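Here is the structure we will look at.
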Amino acid sequence: MLSRSAERLYWLARYLERTENIARLVSVHMNLLMDLPKGVEMGWQQLISINGAEQEFFGKYNVVNERNVTRFLLVDANYAGSLFASLSAARENIRTSRDLLPDEAWEHVNEMYLHTKTNLDTVSSRHGRSLFLNEILKGCQRFTGLLSGYMSHNNPYRFIRIGRNLERADMTSRILDLASLLLSESRSDEVRQYETILWMNILKALNGLLMYRQSVRSRINGDDVLDFLLLNTDFPRSIGCCVEEISHSIQLLPNHESLPEKIVGLQSYVQAIDIQQVTQLQLRGILDDLQNKLGDLHGQIADNWFLSTPEI
Amino acid sequence: MKSIWENYNTDVAYDELMYSEYQPRPVSHSLCQYLNSLNKENIDKRKIAAELAIMEMGISFTVYSDEGNIDRAWPFDIIPRILDAKEWKIIEKGLRQRLTALNCFISDVYGEQNFIKDGKMPGEIVNSSKNFRKECVGMKPRHGVWANICGTDLVRDKDGIMYVLEDNLRVPSGVSYMLENRVITKRVFPELFQDINILPIDDYPTQLLEMLSSIAPHQNGKPQIVVLTPGIYNSAYFEHAFLAQQMGAQLVEGSDLLVDDDDCVYMRTIEGLTKVDVIYRRIDDDFLDPEVFRKDSALGVSGLMRAWKAGNVGLANAPGAGVADDKVVYAYVPEMIRYFLNEEPILPNVPTYLCSDPEHLDYVLAHLAELVVKPANESGGYGMLVGPHATAEEVEAFRHIIQDNPRNYIAQPTLSISTAPTLCNDKLEPRHIDLRPFILQGENTFVTAGGLTRVALKKGSLVVNSSQGGGSKDTWIISMEEG
């Protein structure tokens with residue numbers, strides 16, 4: 001398998017996962033807004049913050065409101081972190097990797113792209129946006145299922161899996177970041193009162209409510225949810241599970257000798273996180289740290305397998 | 001309700017499907033019967049279905065423009081073009097004969113040059129051809145074949161005879177569109193494939209893979225085959241990716257490959273360097289190897305010629321094969337067939353005047369307004385003069401261009417190329433078409449059943465190139481005999 005192809009498939013998976021995650025993030029935020037009573041301080045600013053996109057956002061808009069934030073995060077083709085830009089990048093990567101994937105994979109992503117492109121304007125209303133996001137989520141899920149069922153679980157597949165799980169771990173950490181941000185910033189008891197609803201929505205955003213209940217078997221509370229989403233190794237969107245999947249795929253790839261050490265380091269770092277003793281602020285520090293470590297892992301994967309500029 | 005055939009005009013040229021407004025030729029009888037059973041609304045639905053399929057399958061080509069490179073959907077007409085299998089059998093034989101002779105000629109050019117020594121062609125033509133590569137002299141590619149993949153353009157004149165317009169021996173493109181056109185037609189008119197005996201075409205990728213395997217340097221084990229593309233900004237990138245995928249070969253760019261000190265070609269993979277045995281290159285000679293050809297080429301691979309000459313890698317088409325893809329050399333193909341094969345040509349050439357010949361030049365200059373003048377080495381329909389369609393100023397301007405460099409131009413009578421019914425705003429109208437079959441030659445020779453039919457979508461236009469407003473049709477070879 002060409003180094004170039006490995007890189008493209010890895011990015012294809014990352015961009016598609018990102019597309020899905022932005023859709024989840026915006027959905028959960030909308031749901032939260034609907035559940036929280038009027039007057040509770042909660043705005044759209046946090047969505048911008050957890051993506052670290054303040055500067056870019058304020059370069060384009062003056063006011064942080066639902067309309068501007070959703071436009072920016074969902075359909076702005078010029079903001080590289082938007083849903084539409086991610087989907088376009090995914091399409092470009094798959095367009096240039098067609099030789100490695102089943103026909104249906106390209107056709108599916110292309111269809112998704114065309115459908116999204118013609119429906120960009122529908123996100124301005126909440127109703128239209130719900131439908132739009134739903135289509136995205138379904139499309140991304142279908143793609144994952146399609147590859148799992150149609151494609152050999154070979155090296156190309158492993159790079160897709162690594163990309164997907166790295167991006168997923170990153171986004172789970174950002175969604176947890178969102179929760180702790182909401183909690184740490186709120187001074188009113190009123191929000192505290194609705195903490196359960198907040199955590200429930202976080203679980204829903206990651207499709208984890210049912211699995212959480214089966215695994216934890218107690219009422220929903222912050223520490224248990226954090227525990228579940230950070231350390232659980234069975235639930236596909238928990239960081240512990242993502243890191244395990246990455247580790248598994250890496251072990252099966254050729255020339256992986258330099259990587260397991262780093263992975264083991266990351267795994268033990270994750271498992272050593274002790275939620276019971278941290279404040280919201282410390283938690284944010286841990287999540288930041290985790291995001292940096294995931295970034296480092298990406299760098300090592302790229303150095304190890306991807307095309308370095310040929311020496312001339 | 002008006003018929004879609006109303007006022008269908010068959011006087012423009014020879015029509016491939018119709019004798020007259022309502023009278024189909026025998027080959028198109030079933031198709032016409034079927035089309036007449038559909039109402040306009042129904043036909044419109046099929047047309048929309050085809051457009052959707054093209055969008056979803058992402059069949060595209062890239063157009064270069066000032067606003068950047070745009071991926072355009074492939075323009076496709078749903079009405080197929082049909083040829084009788086009996087006629088096709090003869091054409092196919094003619095195509096094999098022609099490519100075999102062309103390969104003998106190329107071998108001879110880079111070898112003994114007996115064709116020239118025996119006075120069949122002035123040596124000057126080869127020496128002044130910009131596609132003659134002196135670096136290739138003395139090379140002997142496997143099976144004596146230089147042009148492994150050929151796309152030959154055929155047109156039918158008003159006399160009903162199929163003529164060879166040109167042989168594309170460098171990096172002919174279009175075969176992926178031929179294959180995709182069939183996929184779409186099957187989706188759009190599935191009923192027809194049940195009733196009509198249409199020859200299948202989908203074995204092309206298998207045949208291509210077999211041909212490429214046959215030119216591997218070592219015939220033991222499974223050779224590592226790659227398709228070398230200039231990259232995603234090339235207009236035919238879609239095709240490169242498509243063929244690689246269909247063959248299960250690697251699609252590579254120049255920077256994925258390197259030639260090591262052992263003069264072997266390797267690709268950079270996740271496992272380290274892997275040896276490459278055969279390269280189906282879709283890059284022009286000029287850009288192939290900066291060590292030998294253009295120094296500024298960032299698309300090619302340094303040392304590729306070294307590796308090829310050392311016999312460590314198979315290249316299709318071989319460098320230098322383009323020497324026979326020259327409109328002046330074209331004029332000598334019938335003579336090549338007689339000389340090398342001792343046979344009479346099955347497919348005729350279009351009569352060709354060589355501006356390098358003083359007598360021909362006089363004739364050409366005196367009849368410019370009736371002739372088509374083409375540069376000897378361009379493709380894509382660029383830089384030519386269509387006399388009957390040009391203004392007096394354009395003709396005069398071209399006169400000077402020819403006189404400045406006669407070797408670079410040839411002229412041919414303006415053919416009245418054949419038409420086929422094409423869907424234009426709910427109604428069928430005759431549009432001019434050509435046909436590009438693809439011929440593979442390695443250890444064996446293979447010809448596609450039909451080929452890519454290109455159609456000039458603009459009324460009256462004779463230019464079928466996709467870059468200039470052309471589209472395409474599915475091409476059916478049908479057997480009329482009861483099976």
Side-chain angles (χ1 to χ4, degrees), chain A residues 1-10 88 91-115 117-118 139 151-152 154-159 162 249-250 252-259 301-312, chain B residues 51-60 62 71 73 176 179-180 183 187 205 224-229 231-234 237-259 266-274 276 280 290-291 295 297-298 301-302:
Chain A
M1 181 189 192
L2 286 180
S3 298
R4 176 195 306 281
S5 309
E7 190 170 359
R8 283 183 179 156
L9 289 184
Y10 170 87
S88 306
R91 176 177 181 260
E92 207 45 40
N93 275 289
I94 196 169
R95 192 167 89 86
T96 49
S97 310
R98 291 181 62 174
D99 49 327
L100 291 169
L101 301 176
D103 284 334
E104 292 82 357
W106 152 251
E107 284 181 26
H108 179 69
V109 171
N110 189 40
E111 254 175 73
M112 235 172 101
Y113 166 83
L114 295 171
H115 180 268
K117 198 176 162 196
T118 48
M151 187 175 177
S152 286
N154 49 9
N155 289 339
Y157 189 78
R158 286 174 193 130
F159 280 103
I162 293 174
S249 298
I250 283 179
L252 293 171
L253 284 170
N255 288 339
H256 68 264
E257 291 73 15
S258 66
L259 275 123
I301 289 170
D303 284 348
N304 201 51
W305 283 298
F306 300 162
L307 197 63
S308 49
T309 327
E311 290 160 45
I312 296 166
Chain B
E51 282 162 6
L52 260 173
I54 290 168
M55 289 284 280
E56 282 170 11
M57 288 157 77
I59 309 171
S60 62
T62 314
D71 242 10
S176 61
L179 296 168
E180 295 285 52
V183 174
R187 278 200 200 181
Q224 180 76 51
I225 296 171
V226 301
V227 178
L228 176 59
T229 173
I232 55 168
Y233 298 113
N234 185 272
Y237 178 79
F238 167 83
E239 172 155 308
H240 308 158
F242 177 89
L243 291 175
Q245 190 232 25
Q246 295 286 312
M247 288 192 291
Q250 289 281 0
L251 179 67
V252 302
E253 294 174 23
S255 55
D256 293 320
L257 300 181
L258 67 94
V259 177
Y266 295 90
M267 58 180 174
R268 302 170 209 267
T269 75
I270 56 167
E271 284 157 275
L273 296 179
T274 305
V276 172
Y280 176 17
E291 232 173 60
K295 308 275 176 277
S297 168
V301 185
S302 262

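Small disclaimer: the values here were computed from a predicted structure and weren't measured. Lettering of chains follows the sequences in order, A, B, ..., and the numbering in each one begins at 1.
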Task: Evaluation steps, side-chain contact (heavy atoms from CB on, under 4.5 Å), between Asp103(A) and Gln245(B) - done: CA-CA 9 Å; Asp103(A) 284 334; Gln245(B) 190 232 25; 2.5 Å; yes
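- Residue Tyr113(A): no heavy atom, backbone or side chain, is found under 4.5 Å from chain B.
- For the residue pair Phe159(A) and Ile270(B), the shortest heavy atom distance occurs at CE1-CD1, 3.6 Å.
- When every heavy atom of Tyr237(B) is checked against every heavy atom of Arg95(A), the shortest pair comes out as CE2-O, 3.8 Å.
- Residue Leu253(A) touches chain B through its side chain alone, counting heavy-atom pairs closer than 4.5 Å.
- Nearest heavy atom pair, residue Thr269(B) against residue Met1(A), reads CB-O, 2.8 Å.
- Looking only at heavy-atom pairs under 4.5 Å with chain A, the residue among Met247(B), His240(B), Gln250(B) that has the most is Gln250(B).
- Glu271(B) and Asn255(A) get closest at one heavy-atom pair: C-ND2, 3.4 Å.
- To the nearest 0.5 angstrom, Ile232(B) atom CD1 is 6.0 Å from Thr96(A) atom OG1.
- Only the side chain of Glu92(A) comes within contact range of chain B, with at least one heavy atom under 4.5 Å from a heavy atom of that chain.
- Only the side chain of Leu114(A) comes within contact range of chain B, with at least one heavy atom under 4.5 Å from a heavy atom of that chain.
- Asp99(A) places a side-chain N or O within 3.5 Å of a backbone atom of Leu251(B) that can act as its donor or acceptor partner.
- If you measure heavy-atom distances from Val227(B) to chain A, you find no contacts under 4.5 Å at all.
- More than 12 heavy-atom neighbours from other residues, nucleotides or ligands sit within 6.0 angstrom of CE on Met151(A).
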